[in-house]
There are 2 protein chains.
Amino acid sequence: MAVADAGRFREAALTLEITQQAVSKRIAALERDLGARLFTRTARGALLTVDGQVFLPHARDLLRAEERAAASVRPGRRALRVDVIGRRLAPADLVRDFHHAHPDTALDVVTLFDADTAISAVRTGTIDASFRALTFPAHRLPDGIAAARVHDEALELLTGPGHALAAAHAVTPAQLAGHRIWMPGNVAGTEWAAFYDDLGAAFGFTIEVTGPDFGTEPLLDTIADSPHLATFVGVQTRMVWPAGHGLRRIPLRDPTPVYPHSLIWRADNPHPALAALRAHLGTVRRSADTWTPKWAR
Amino acid sequence: MAVADAGRFREAALTLEITQQAVSKRIAALERDLGARLFTRTARGALLTVDGQVFLPHARDLLRAEERAAASVRPGRRALRVDVIGRRLAPADLVRDFHHAHPDTALDVVTLFDADTAISAVRTGTIDASFRALTFPAHRLPDGIAAARVHDEALELLTGPGHALAAAHAVTPAQLAGHRIWMPGNVAGTEWAAFYDDLGAAFGFTIEVTGPDFGTEPLLDTIADSPHLATFVGVQTRMVWPAGHGLRRIPLRDPTPVYPHSLIWRADNPHPALAALRAHLGTVRRSADTWTPKWAR
DNA sequence: CTCGACCACAACCAACGGTTGTCACAGGCA
DNA sequence: TGCCTGTGACAACCGTTGGTTGTGGTCGAG
């Protein structure tokens, strides 16, 4: 880049604060690695070849990417850090929507272990905001931490083609009494576990959260083959389910269980993108005929 | 990336085919350079910290950018290489439009010296297509080279506020007789020079192409201050002119001089993006009351 | 033809990034 | 409790890399 901008090896060496010979060696090594000549050397400087002209913008991209990467962990950074629970749940879509609406706003997305670590990360400023379900009233949040209910995610039943309820157009939670619902993954001790405990207790079915999370594919395989097991998924427009499993998505009604997502942030965080995110999300409009855990009412 | 994927330094070392100690040193050096801890080391592996989670996608971006950069000059590449004459002329906009319509099609844009080198570059396969004005009939192109007239770029007069024609709403080329038109830049010997030679000769004004090109800013400064000099610019919707110069853009009428841009490509080039580009461009519909050089009629 | 500015080549050397060998520490298990 | 295993870190070592200085070849202008 320096040689292309300066037009001369020697002048580039000045700006890089190394010797002309070192520049020569760098360019030679780069050309050797790429297998392409980047400059035509003349007695009055260096001119980009066609390959050089093609390569130059990519080289600039590379340095820009490096700069962004370093800035992402530098204190005093500007990108908004958001904690999103689960990549296949509604908050991931909310963040994508926000990114689509504000493409110039830099976002860094992370996923923390549970709500407690998320809240303390917000408190210390490690992250700027967190999508979580609050399992206690908002006034019991630490001082200076604010929260707003931003999305109620309706749940659907996901079954295999041989499941007893596979043919149903809709199912009520009461109909699930006695059924086995399988939620794999390490949710023990998190707010998800609290949600499922309440849900199962309210309607008399058992939710099994045992077993490690081997990823989404084995889960789907197991569900597809089993006449007894089913699982819950969020009503998502974006998620593309792998075809070929014969899976059924069955709406839940009377009432529809919804998972209450809140956004949590530090009240004194001045980040402009945080204000934009809150404005973009608004607050949830609660719909009738839904069920939420008692701690969310 | 290897450590994050594997979850263990030792396993990452295997995939990288170096020793665990070398991985340790690399991560330590990276953390030192960034000034941030990326992993929390436990007795059963390494877990990403929040900073690590934030940094990881940027690291992946970086390696992707490197891959793209290297691929851009590798023979057997897939990106379409297009030669565009001048970044402030219509072909640049045509390419931008195409990129907007086909955002997934990788494009590399270069600017060659003149039409002859562009044609020979197309012939040898160094580039895939070139936007140029043909100063000779298309049937005199080398064998296997095809061309299509894709855009006629109407010219406007650009003057300073003190210029004799600054107040005019429109100007005919004949009215420019005796005026001085300044086109800086190294256009001597190129198809632009041929165009301007014909244009000046047809209507009796002189076009000065002397002087090196110091960039667009000094050009605009000079034009803005001079009551005698003017220049031509293409009718561009995209170009944002720096404010504060008081510059006037005056349409040319009766007839409007237009610069005839052609796309030149190798007939046997199978690149799918080339077909898409040709389909996107279509062919020019010539409008009445325009002037083109005699070699373009 | 000569001169000056350009870049390349050679020799040298510090420092970087790998290696081997070893250690401290944590968790599982008898 | 104590051993064993697997984790990452540290130390010593060393070849390669990437810089330096010194010099040479080439091209275009005067």
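Just so it is clear, the structure is predicted and the values come from calculations on it, not from any experiment.
With sequence neighbours left out, B:V109 forms a side chain to side chain contact (heavy atoms under 4.5 Å, CB included) with B:V84, B:R87, B:V95. Looking at residues two or more places apart in sequence or on another chain, you find no side chain to side chain donor-acceptor pair (under 3.5 Å) involving B:D116. Contacts of A:D197 classified as side chain to side chain contact (heavy atoms under 4.5 Å, CB included), with partners at least two apart in sequence or in another chain: none. With sequence neighbours excluded, the residues satisfying side chain to side chain contact (heavy atoms under 4.5 Å, CB included) with B:R32 are B:A29. Not counting sequence neighbours, B:D225 has no partner by the salt bridge (Lys or Arg N to Asp or Glu O under 4.0 Å) test. Listed by chain and number, the residues in a side chain to side chain contact (heavy atoms under 4.5 Å, CB included) with B:A230 are B:L157, B:T159, B:H163, B:I181 (sequence neighbours excluded).
Applying the side chain to side chain donor-acceptor pair (under 3.5 Å) test to residues at least two apart or on different chains, the pairs with a partner in residues 12-30 of chain B are B:R10-B:Q20.
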Exercise for review: For nucleotides 25-30 of chain C, just jot down a letter per nucleotide in 5' to 3' order: B, S or -, based on protein non-hydrogen atoms under 4.0 Å.
Suggested key: -SSS--

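Checked against A:D83 for a side-chain contact (heavy atoms from CB on, under 4.5 Å), the options A:T126, A:I119, A:T117, A:I127 give a single hit: A:I127.
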Show me the donor-acceptor pairs, under 3.5 Å and distance only, between side chains in residues 70-78 of chain A and residues at least two apart or in other chains.
unit_1, atom_1, unit_2, atom_2, d
A:S72, OG, A:A69, O, 2.6
A:R74, NH2, A:E67, OE2, 3.0
A:R77, NH2, A:G125, O, 3.4

Would you give me the side-chain donor-acceptor pairs under 3.5 Å for residues 42-54 of chain A, sequence neighbours excluded?
unit_1, atom_1, unit_2, atom_2, d
A:T42, OG1, A:R44, N, 2.9
A:T42, OG1, A:G45, N, 3.3
A:T42, OG1, A:G45, O, 3.0
A:T49, OG1, A:R37, O, 2.8
A:T49, OG1, A:L38, O, 3.1
A:T49, OG1, A:D51, N, 3.4
A:T49, OG1, A:G52, N, 3.0
A:D51, OD1, B:R81, NH1, 3.0
A:D51, OD1, B:R81, NH2, 2.5
A:Q53, OE1, B:T111, N, 2.7
A:Q53, NE2, B:T111, O, 2.9

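For the pair B:F39 CZ and D:dT7 P, the interatomic distance rounds to 15 Å; values are reported in whole Å. The nearest whole Å value for the distance from the CD atom in A:Q21 to the P atom in C:dA11 is 15 Å. Remark: P of D:dG28 and CZ of A:R41 are 16 Å apart, rounded to the nearest angstrom.
Taking a 4.0 Å limit (strictly below) on heavy-atom distances, residues 3-20 of chain A reaches DNA chain D at A:I18, A:T19. Sorted by residue number, the members of residues 26-34 of chain A with any non-hydrogen atom under 4.0 Å from DNA chain D read A:R26.
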